[in-house]
Number of protein chains: 2
Amino acid sequence: MFNFVPVLLQDGVMKLNEKKIQILLTAEKLFADNGFDGTTIRQISKKAGINIAMISYYFGSKKKLLEALLIYRISDFGSEFDSIVSDKGTYLEKIDAFIEMMVKRIHQNRRTHKIVSFEYSNPFREINFEAYENYKKENFNIVANFVKNGQEQSEFSKNINVQMIIPTILGTYFHFYYNKNFYQNLLDISNESEIEHYVHNQLTQHIKQTIKALLTYEE
Amino acid sequence: MFNFVPVLLQDGVMKLNEKKIQILLTAEKLFADNGFDGTTIRQISKKAGINIAMISYYFGSKKKLLEALLIYRISDFGSEFDSIVSDKGTYLEKIDAFIEMMVKRIHQNRRTHKIVSFEYSNPFREINFEAYENYKKENFNIVANFVKNGQEQSEFSKNINVQMIIPTILGTYFHFYYNKNFYQNLLDISNESEIEHYVHNQLTQHIKQTIKALLTYEE
DNA sequence: AACAATTAAACAACTGTTTAATTTAAACAC
DNA sequence: GTGTTTAAATTAAACAGTTGTTTAATTGTT
């Protein structure tokens, strides 16, 4: 049984059949939990229920498996954002929808983001992070334009470090996620669904509040 | 030439001579750059200029080397904080000194924090994170008390998610640090000293502004 | 028949740790 | 200051286990 050729096509996009996606998702979880180096292809194979040779056969190597995951996971969020901006209402009101979208998105891709975060800074890791960098650049430009427009409408304060807004939003989320064990204990929540609930309610609310406060703060 | 016994003493505190510290610092940098699993004891030995057997001889194992690093690095910051609180001035004014201290401290220990962040969530990694957890708990209590007092003086708003203030402060810093390569490019700064300067000035200023805004924001 | 999919086995390289031997340095008796 | 003892420091080599990848053979599908 075969569906697609197991090689990179000319445009560099790999066709993904169900089995390949299953392998990617298994690898994503293991990479996020144990790190790239901490995960073996035997672990991935076993958990995905395939033979170890299939990973080389499908993806070429462990490194290329990670690259395939990055391309599969990280897509732009320009269009989603456009519909928020075109909605009526003040810029301040739009922030709520905007933050909500960002947190949902980042939460959905949290594992891949974690993997990238830790492998990105390693200069000896010869992995192609182009997709990730383009994604970040696009996100940054969207935020920068949004804030600029809000400032022109005099809804937002001047003297805001626009470049550090994304670190504030995503950083807050990720610091929570990376220290999940700690905050689980602190907040006295136990299971995964309660964490999900906290993220999409209290944490999202806190980030909204923080960003709205920052954008309207006058010293 | 020998200085101290290479074993754990009764109270669990290892005496550290200069050579041990040199090994710890070498390991810290490599662990932070390449991850715990991505770093081999041969790399550490070579970079530290010692024989590979010395690591087992001094620390017992690679895991115990990391544990020794944690104990060496992560100390409480209660006393430093106390002097800030006892200074005169409003609570709002104290925030500046407080944030500055936190960023300086976290920046100094950034590598160990990065290592911990990544290894902490791995349940199969049998490493003792007690020192780290106590450190976090203490920091949290300090912040919680500080905010409570500021609220009692009516300087800070009510309805603040106190538990998410530390994630906001540290998260912003770490998201910047983890994506150093990206922001280096975005901010058009090249060398390490310019990054240092940005952290202690623009980034610290941004975090101060964000937290002050949050603590005084009325919806 | 043609070729993709899948497999178990083998591969050489690398892993953390231990060994057993040697070197170094402090402690001691004089 | 001697020479001797004692134990720590340091070393190269070996250890057994694991790593990612490849092979060559087999199975499955069209």
Side-chain angles (χ1 to χ4, degrees), chain A residues 1-9 14-24 26-28 30-31 33-69 115 119 122 124-128, chain B residues 1-9 14-24 26-28 30-31 33-69 115 119 122 124-128:
Chain A
M1 179 220 313
F2 82 99
N3 294 321
F4 296 107
V5 285
V7 291
L8 286 174
L9 303 179
M14 176 184 274
K15 290 220 177 183
L16 298 171
N17 59 33
E18 275 185 30
K19 188 157 273 185
K20 281 186 195 173
I21 291 176
Q22 177 201 357
I23 295 171
L24 285 183
T26 307
E28 183 186 43
L30 287 169
F31 285 160
D33 284 347
N34 314 328
F36 181 75
D37 289 307
T39 304
T40 70
I41 59 160
R42 281 170 181 80
Q43 279 180 280
I44 299 171
S45 317
K46 195 177 177 185
K47 204 165 182 184
I50 53 150
N51 187 279
I52 54 165
M54 291 307 290
I55 286 173
S56 296
Y57 179 70
Y58 269 149
F59 299 97
S61 70
K62 192 184 172 189
K63 276 180 189 172
K64 285 179 185 163
L65 168 66
L66 176 54
E67 287 176 0
L69 175 62
I115 299 163
E119 307 301 336
N122 186 342
F124 300 104
R125 178 93 63 225
E126 289 140 349
I127 286 169
N128 188 352
Chain B
M1 180 219 311
F2 82 97
N3 295 321
F4 295 107
V5 285
V7 292
L8 287 174
L9 303 179
M14 176 184 274
K15 290 220 177 182
L16 298 172
N17 59 33
E18 277 184 29
K19 188 157 273 186
K20 281 187 195 171
I21 291 175
Q22 178 202 355
I23 295 171
L24 285 182
T26 306
E28 184 185 42
L30 287 169
F31 285 160
D33 284 348
N34 314 329
F36 182 75
D37 289 307
T39 305
T40 70
I41 60 160
R42 282 170 180 81
Q43 279 180 279
I44 300 171
S45 317
K46 195 176 177 185
K47 203 166 184 183
I50 52 149
N51 187 280
I52 53 166
M54 291 306 291
I55 286 173
S56 295
Y57 179 69
Y58 269 149
F59 299 97
S61 70
K62 192 184 172 189
K63 276 180 190 173
K64 283 179 186 164
L65 168 67
L66 176 54
E67 286 176 359
L69 175 63
I115 300 163
E119 308 301 337
N122 186 342
F124 301 104
R125 179 95 61 227
E126 288 140 351
I127 287 169
N128 189 351

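The chains referred to below are lettered A, B, ... by the order of the sequence lines, with proteins before strands, and numbering in each begins at 1. Keep in mind the model is a prediction, meaning the values are calculated, not measured.
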Check: Any side-chain N or O of Tyr57(A) less than 4.0 Å from the OP1 or OP2 oxygen of dT6(C)?
Finding: no
Checklist line | Donor-acceptor contact below 3.5 Å, side chain Gln22(A) vs main chain Ala48(A) | finding: yes
Notebook entry, point to check: Which pairs, with at least one residue in residues 38-56 of chain B and sequence neighbours excluded, count as a salt bridge (charged side-chain N to carboxylate O under 4.0 Å, His left out)?
Noted result: none
Checklist line | Minimum-distance nucleotide to Ser56(A) side chain [options: dT17(C), dT19(C), dT22(D)] | finding: dT22(D)
Next item on the list: Would you please confirm or rule out a distance under 4.0 Å between OP1 or OP2 of dT10(D) and any side-chain N or O of Tyr58(B)?
Entry: yes
Check: How many Å lie between CD1 on Ile50(B) and P on dG16(C), as a whole number?
Finding: 13 Å
Next item on the list: Rounded to the nearest angstrom, tell me the gap between atom NZ in Lys62(A) and atom C1' in dC14(C).
Entry: 13 Å
Notebook entry, point to check: Who passes side-chain contact (heavy atoms from CB on, under 4.5 Å) against Leu65(A), sequence neighbours left out?
Noted result: Ile23(A), Leu24(A), Ala27(A), Phe31(A), Ile44(A), Ile55(A), Phe59(A)
Notebook entry, point to check: Can you name the residues that form a side chain to side chain donor-acceptor pair (under 3.5 Å) with Glu67(A), not counting sequence neighbours?
Noted result: none
Next item on the list: Would you please name every residue forming a side chain to side chain donor-acceptor pair (under 3.5 Å) with Lys63(B), sequence neighbours left out?
Entry: Glu126(B)
Margin query: Classify Ile55(B) by what it touches in the nucleic acid, base, sugar-phosphate, or nothing, heavy-atom distance under 4.0 Å.
Written below: nothing
Next item on the list: Figure out the CG/C1' separation between Asn51(B) and dA9(D), and round it to whole Å.
Entry: 10 Å
Next item on the list: To the nearest Å, give me how far apart CG (Leu65(B)) and C1' (dT17(C)) are.
Entry: 14 Å
Margin query: Could you tell me how far apart Met54(B) (CE) and dT17(C) (C1') are, to the nearest whole angstrom?
Written below: 15 Å
Next item on the list: Take the protein atom CZ of Phe59(A) and the nucleotide atom P of dT22(D), then report the distance between them rounded to whole Å.
Entry: 15 Å
Next item on the list: Give the angle between the helix axes at the two ends of the helix from dA1(C)-dT30(D) to dC30(C)-dG1(D), taking five base pairs at each end and rounding to 10°.
Entry: 20°
Note to self: How many whole angstroms separate atom NZ of Lys20(A) from atom C1' of dA4(C)?
What the structure shows: 12 Å
Next item on the list: Report yes if the side chains of Met54(A) and Asn51(A) come closer than 4.5 Å at any heavy-atom pair, otherwise no.
Entry: yes
Notebook entry, point to check: Taking NZ, NE, NH1 and NH2 as the nitrogens, is one of them in Asp33(A) or Arg125(B) under 4.0 Å from a carboxylate oxygen of the other?
Noted result: no
Margin query: Tell me whether Lys62(B) forms a cation-pi arrangement with Phe36(B), defined as NZ or CZ under 6.0 Å from the six-membered ring centre and within 45 degrees of its axis.
Written below: yes
Item checked: OP1 or OP2 of dT10(D) under 4.0 Å from side-chain N/O of Lys19(B) -> yes
Next item on the list: Measure from CD1 on Ile23(A) to P on dA5(C) and round the result to the nearest Å.
Entry: 11 Å
Checklist line | Contact list for DNA chain C against residues 37-46 of chain B - heavy-atom distance below 4.0 Å | finding: Thr39(B), Thr40(B), Ile41(B), Arg42(B)
Notebook entry, point to check: What residues, two or more places apart in sequence or in another chain, satisfy side-chain contact (heavy atoms from CB on, under 4.5 Å) together with Asn34(A)?
Noted result: Leu30(A), Thr39(A), Gln43(A), Asn122(B), Phe124(B)
